[in-house]
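A, B, ... follow the sequence lines: proteins, then strands. Residue 1 opens every chain. Keep in mind it's a predicted model, so treat the numbers as computed, not measured.
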Protein chains: 2
Amino acid sequence: MSNSVPELLNPNLKAMPSDYLYHLDINVANTNDTSDIQQRFGDVKVVCMGGTGSRMRALAVYLSEVLGLPDSSDPEDLCARGHRYAMYKVGPVLCCSHGVGSSTFSVVLHELLKLVKYAGCQDPIFLRIGTCGGLGVPPGTVVVTKDAFNGLLRNEHEIAILGQRVVRPAKFSEEVIKDIMAYGVEAKDSFQTVSGNTMGTDCFYEGQGRTDGAICEYSDEDKMTFLKKCHSLGILNIEMEASMFASVTQKVGVKAGDVCVTIINRLNGDQVTITMDQKHEFEKRPFLVVGRYIKKLLLH
Amino acid sequence: MSNSVPELLNPNLKAMPSDYLYHLDINVANTNDTSDIQQRFGDVKVVCMGGTGSRMRALAVYLSEVLGLPDSSDPEDLCARGHRYAMYKVGPVLCCSHGVGSSTFSVVLHELLKLVKYAGCQDPIFLRIGTCGGLGVPPGTVVVTKDAFNGLLRNEHEIAILGQRVVRPAKFSEEVIKDIMAYGVEAKDSFQTVSGNTMGTDCFYEGQGRTDGAICEYSDEDKMTFLKKCHSLGILNIEMEASMFASVTQKVGVKAGDVCVTIINRLNGDQVTITMDQKHEFEKRPFLVVGRYIKKLLLH
């Protein structure tokens, strides 16, 4: 797998004369000669993805500093015309927003995977940098995902294809996890970075056992039983993307990692009580971890 | 149900002293005295939702013209600080973005339902205004959803709650459909508006039987068999929200409708070939239909 361009898992792509990456608004005019795409994106080694465009813009600015790149204080949104996702390029790193949850993320993930293939990127690494709820860890803890569980508490991802239920494994790259933990963490950090399992759900309220949504048909006791069961499976955090992200990247053989900061300890409650300012400080923690990891990665 | 404030389906809300609608960044400081929220949002009769913030902003500007409201050419994004969703208020109408797909939409839907409850809104109507793929109808057709199917071709929505699979019905309000078809459509329209079933999937590529994603493990023939089966169920369009949206609103007893314009006829191919300019023209068609419907509704 090392130093190879992702082949993806779709034989039809070879037969398509052109490919319009619709949601990114990037036109691959000639799939037999993608030199224009190679010129723009061929040097990409890492694709970072996260919920909001503003956070991805901040990450791009941060990484350009960390990597000592020429001034990128005002990076250009390469997907502005599509109005759905924001994407910035700083040196060999793409920073792209994916919205909230698997449905929106899977759309842009398919298109980013096709983009790195057309661009001829060598062994690119896909990273999600996100926020999440924590389980038994203090708010502000950074969690690097090992196994991804879905809302049914299974270490897999379920998807309906041609009207049938299809189940796929959902594991992140052990090499990426090991390297992030080795190079991303420093003893002087004012916060903890831990490696553990993650549950990705399709619903923030009922899907994560919250009792403060518009619908709740279970008791506080039911919820706590569920959260403790999650915790007993080694699940340290809950978000809305991990199982889809792990399963798609594992399926196509692209190395990936999920690095999220917890903004609440769900064993203590459902409402997010940190201030927006605290949240912004917490959101920078995965930047630190991922920034150090990427810097080391690019030295090789 | 007429002229009543949505009660929702969560007894816990009564016991919560405050409620922070996290993703909207709206703080309900005192749930026993929500007069501040009532003052800001109590007059809301219609909540419009759609994928992008820019489209919801354009809808807000359009509706303020249609409804003859004082100048709203530059409406304020009420959720800007949350960075995830954009929300505009023009008179008795909220226009809020929901992103791509059910996962992101369900988050903001739960919070909007709680918002109209705290605001004491009388019998509010929730409308989704979107874009979609069409089945057997020409691009540019406006489809008003009757029954919502999920990716398993069932007229229901599936959600994992406390680790268990929960299945709920997914029907839109017959009254809303009838009224949209009666008041929203005009003979002089240069496009067709039809009422039919909609499939909402969690994946744009494999979930909708596309052969141009990063993964495709089925043949063109399998895909066509699937799409024809969809069509035989009365499904005229495919998007990524309908089944979740119908099931949640039906469950809490809030009237809702889904009005989408098709930008492709999937029986003829997978790639979106209309230009961005055509797309912007198509996107205005549901505005026309929904604008006339809302105007009529507010006269009562």
Quick one: which of K223(A), K117(A), E111(A) has the most heavy-atom pairs under 4.5 Å with chain B, could you say?
E111(A)

E158(B), part contacting chain A, at a heavy-atom distance under 4.5 Å
side chain

When only pairs under 4.5 Å are counted, which of C203(A), S219(A), G209(A) shares the most heavy-atom pairs with chain B?
C203(A)

Flag the one option from K279(B), M199(B), M244(B) with the top tally of heavy-atom pairs under 4.5 Å to chain A.
K279(B)

Partner chain B: residue of I161(A), L153(A), L21(A), V252(A) with the largest heavy-atom pair count (under 4.5 Å):
I161(A)

Should the pair F204(B) and H23(A) be assigned to parallel (<30°), tilted (30 to 60°) or perpendicular (>60°) ring geometry?
perpendicular

Any heavy-atom pair between the side chains of I215(A) and V248(B) that's under 4.5 Å?
yes

What is the minimum heavy-atom distance between S102(A) and S103(B), and which atoms define it?
N-OG, 3.4 Å

Whatever's closer than 4.5 Å to a heavy atom in chain A on Y85(B) counts as side chain

Could you have a look at Q208(B), R165(B), R154(B), H98(B) and say which one has the most heavy-atom pairs with chain A under 4.5 angstrom?
R165(B)

Between D212(B), N12(B), T273(B), which residue shows the highest count of heavy-atom pairs closer than 4.5 Å to chain A?
D212(B)

Report yes if some heavy atom in the side chain of F226(A) is under 4.5 Å from a heavy atom in the side chain of Q164(B); otherwise report no.
no

Given heavy-atom pairs under 4.5 angstrom as the criterion, report whether the side chain, backbone, both or neither of T201(B) touches chain A.
neither

If one checks every heavy atom of D19(B) against chain A at 4.5 Å, the contacting part turns out to be both

I263(B) portion near chain A, given a 4.5 angstrom heavy-atom threshold
side chain

Any side-chain heavy-atom pair of R84(B) and R55(A) under 4.5 Å:
yes

Quick check for you: among G207(A), G51(A), A160(A), which has the greatest number of heavy-atom pairs under 4.5 Å with chain B?
A160(A)

Ignoring hydrogens and geometry, is there a side-chain-to-backbone donor-acceptor pair from N10(A) to T211(B) under 3.5 Å?
yes

Select one option (side chain, backbone, both, neither) describing which atoms of V272(B) are under 4.5 Å from chain A's heavy atoms.
both

Is R81(B) in contact with chain A via its backbone, its side chain, both, or neither, using a 4.5 Å heavy-atom distance?
both

Please round to the nearest 0.5 Å and tell me the distance separating atom OH of Y22(A) and atom CZ of R210(B).
9.5 Å

Where do Q271(B) and M16(A) land on the side chain to side chain contact (heavy atoms under 4.5 Å, CB included) test, with the steps shown first?
CA-CA 10 Å; Q271(B) 285 262 305; M16(A) 286 169 60; 3.6 Å; yes

Separation between CG of D202(B) and OG of S106(A), rounded to the nearest 0.5 Å:
8.0 Å

When rounded to the nearest 0.5 angstrom, what is the spacing between CG in L162(B) and OG1 in T225(A)?
8.5 Å

Taking every heavy-atom pair that is under 4.5 Å apart, which of L152(A), T52(A), L112(A) has the most such pairs with chain B?
L152(A)

Strictly below 4.0 Å, N to O, side chains only: are R168(A) and E206(B) in salt-bridge contact?
yes

Ignoring hydrogens and geometry beyond distance, is a side-chain donor-acceptor pair present between H83(B) and S54(A) at under 3.5 Å?
yes

Rounded to the nearest 0.5 Å, what's the gap from OH on Y205(A) to CD1 on I159(B)? Could you check?
13.0 Å

Name the option with the most non-hydrogen atom pairs under 4.5 Å to chain B; the candidates are F149(A), Y20(A), F105(A).
Y20(A)

Side chains of M240(A) and T104(B) in contact at under 4.5 Å (non-hydrogen atoms):
no

Engaged part of K229(B) at the chain A interface, taking heavy atoms whose separation is under 4.5 Å
neither

